> 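This structure is in structure tokens; I'll ask about it shortly.
Remember, it's 1-based here, ligands and their atoms both numbered in the order they're listed. If you're wondering where the values come from, they're calculated on a predicted model, not measured in any experiment. Nothing fancy with the numbering, it's 1 onward along the sequence.
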Amino acid sequence: MTVTQEAPVLTDAIAVEGVARSFGSVRAVDSASLTVRHGHVTALIGPNGCGKTTLMLMLSGLLRPDSGEIRIAGHDPRTDSAAVRAAIGWMPDQLGSWDNLTCLQTLTLMGEAYRIPRATARERGLSLLRRVHLEEFAERPARVLSRGQKQRLSLARALVHDPAVLLLDEPANGLDPRSRVELRDLVREFAAEGRAVLVSSHVLAELDEMVDDAVFMSKGRTLGDDAAAMVADARLKYRIDALDPEALQAALTSGQVDFEPTATGAVTRIDGEANAAQALAWLVGQGVQVHRFGPVGSALEQTYMAMNEERR
Ligand SMILES: Nc1ncnc2c1ncn2[C@@H]1O[C@H](COP(=O)(O)OP(=O)(O)O)[C@@H](O)[C@H]1O
Ligand SMILES: [Mg+2]
């Protein structure tokens with residue numbers, strides 16, 4: 001008997017290496033590589049048509065890759081689809097709901113499809129409805145739900161079998177601002193429970209406060225570590241505005257701080273909130289009349305723009 005020595009990477013919730021998939025002559029995913037860690041929220045960012053949904057369908061085991069390797073919690077979807085299905089919760093970008101079923105029936109049936117006993121599935125359905133603030137709709141048909149409420153039901157459906165890995169395809173699409181904030185908080189809670197979350201979007205600002213890591217995708221290809229380093233750097237950028245911009249710039253120069261001058265002050269790099277507080281106190285102590293001090297804004301958006309510039 002031969003024993004094959006393979007080293008499974010069990011530490012990553014999702015591990016993808018060189019995955020490709022075509023539809024006829026359309027190379028929907030050309031080469032995708034990424035990892036998602038447990039307890040982390042990772043953004044999958046790219047313009048419409050770049051291959052996000054196709055990649056997620058392959059991760060969930062619903063679509064076969066032409067080539068490349070996928071591991072979900074250590075399992076290969078090609079050889080161990082049952083384990084992958086058990087590990088993954090999938091929220092599709094298109095809202096399919098069974099309009100005549102009540103919200104609770106929907107979740108109970110879904111649970112039973114995962115072979116959870118009916119009573120347990122019902123209990124779990126109720127607790128999930130509370131969690132996504134739909135408890136008052138438990139006994140009402142899904143057709144009365146608004147778009148945002150349907151999204152939340154869809155999210156609850158993805159969680160019915162308590163999956164370790166969540167794939168959310170454009171979950172914020174069509175949500176009003178309040179629902180987006182609620183979605184963000186829920187997604188952070190899922191990660192805090194130790195789940196791995198991969199969330200796709202082509203709207204960058206909505207992801208900024210939700211995600212720990214970002215994977216950029218363009219024309220079927222993931223862009224790798226350069227983009228991640230650019231996001232990390234963009235997150236350090238602080239904008240400082242003062243009543244007298246020249247006085248601010250002079251103070252920064254005297255303090256040997258690197259900065260880019262702007263018309264209203266300066267942009268500099270500050271690592272962490274404690275350092276930011278210290279820097280602000282120091283500037284004020286120098287007599288600079290600071291009237292605005294904070295992160296430059298969407299790190300993901302800045303990175304995305306910078307990458308597009310590079311391509312030109
Ligand atoms: N079932 C399919 N048949 C043919 N082409 C497809 C199919 N699914 C996706 N595509 C094409 O593959 C590309 C990537 O699509 P998709 O994965 O949906 O991108 P995204 O989710 O990033 O918008 C697009 O050009 C799309 O038209
Ligand atoms: Mg899509």
Side-chain angles (χ1 to χ4, degrees), residues 14-36 41-72 77-78 81 84-85 88-97 147-148 150-155 157-158 163 165-175 179-180 183-184 187 196-208 210-211 213-224 226-228 230-231 298 300-301 303-308 310-311:
I14 302 176
V16 176
E17 188 60 48
V19 161
R21 168 74 197 215
S22 298
F23 298 105
S25 61
V26 180
R27 215 158 158 75
V29 172
D30 187 31
S31 175
S33 301
L34 64 98
T35 57
V36 180
V41 182
T42 299
L44 181 62
I45 301 170
N48 279 324
C50 73
K52 301 182 296 296
T53 296
T54 306
L55 177 57
M56 284 189 149
L57 286 168
M58 290 191 281
L59 296 183
S60 64
L62 295 170
L63 190 68
R64 269 178 173 279
D66 297 330
S67 56
E69 291 297 324
I70 296 174
R71 294 290 180 279
I72 305 294
R78 277 174 304 199
S81 62
V84 168
R85 265 203 307 280
I88 280 222
W90 159 245
M91 178 178 170
D93 58 343
Q94 273 158 14
L95 296 173
S97 60
R147 186 182 168 87
K150 278 190 179 163
Q151 300 270 86
R152 280 186 268 150
L153 180 61
S154 179
L155 193 56
R157 230 165 63 174
V165 181
L166 272 175
L167 303 177
L168 311 179
D169 197 3
E170 310 260 0
N173 216 354
L175 293 189
S179 307
R180 282 184 190 195
L183 174 75
R184 184 190 70 202
V187 167
V197 186
L198 182 66
V199 49
S200 80
S201 182
H202 63 278
V203 184
L204 298 165
E206 73 192 19
L207 290 174
D208 243 334
M210 197 193 280
V211 305
D213 310 309
V215 174
F216 286 85
M217 205 168 172
S218 172
K219 296 178 186 154
R221 304 181 71 90
T222 51
L223 299 179
D226 315 345
M230 286 166 85
V231 176
S298 168
L300 299 179
E301 196 157 83
T303 308
Y304 194 74
M305 295 307 177
M307 287 189 333
N308 284 335
E310 279 181 355
R311 270 209 294 279

> Return a yes/no value: protein heavy atom under 4.0 Å from atom 27 (O) of ligand 1?
no
> Within a distance of under 4.0 Å, is there any protein heavy atom near atom 2 (C) of ligand 1?
yes
> Quickly, which of Leu44, Asp169, Leu168 forms a side-chain contact (heavy atoms from CB on, under 4.5 Å) with Leu198? Name it, please.
Leu44
> Write out the residue and atom name of the closest protein heavy atom to atom 12 (O) of ligand 1, then the distance separating them to 0.1 Å.
Ala28 CB, 3.2 Å
> Work out which heavy atom in Met58 is nearest to a heavy atom in Pro77; give both atom names and the distance.
O-CG, 4.4 Å
> Could you check whether any side-chain heavy atom of Thr53 comes within less than 4.5 Å of a side-chain heavy atom of Glu170, counting everything from C-beta outward?
no
> With a 4.5 Å heavy-atom cut-off, do Arg147 and Asn173 have their side chains touching?
yes
> Rounded to the nearest 0.5 Å, what's the gap from CD1 on Ile88 to OG on Ser81? Could you check?
12.0 Å
> Closer than 2.8 Å to the Mg ion (ligand 2), do we get an N, O or S atom from Thr53, backbone or side chain?
yes
> Closest non-hydrogen protein atom to atom 18 (O) of ligand 1, residue and atom name please, with distance?
Thr53 CB, 3.7 Å
> Are Arg221 and Arg27 close enough that some pair of their side-chain heavy atoms sits under 4.5 Å apart?
no
> For atom 19 (O) of ligand 1, find the nearest protein heavy atom and state the residue, atom name and distance (0.1 Å precision).
Gly51 N, 3.1 Å
> If you take all heavy atoms of Pro171 and Ser200, which pair is closest and at what distance?
CD-O, 3.6 Å
> Going by the order shown, which atoms of ligand 1 are within less than 4.0 Å of some heavy atom of Asn48?
23 (O)
> Say whether Val26, considering both its backbone and side-chain N or O atoms, lies within less than 3.5 Å of an N or O atom on ligand 1.
no
> Just need the protein heavy atom nearest to atom 6 (C) of ligand 1, so name the residue and atom and give the distance.
Phe23 CD1, 3.3 Å
> Return the closest protein heavy atom for atom 15 (O) of ligand 1 as residue, atom name and distance.
Thr54 OG1, 3.9 Å
> Please confirm whether Cys50 comes within less than 3.5 Å of ligand 1 when only nitrogen or oxygen atoms on both sides are compared.
yes
> I want to check something: taking the side chain as every heavy atom from C-beta on, are Ile14 and Leu167 in contact at a cut-off of under 4.5 Å?
yes
> Under 3.5 Å between any N/O of Gly49 and any N/O of ligand 1: does that happen in this structure?
yes
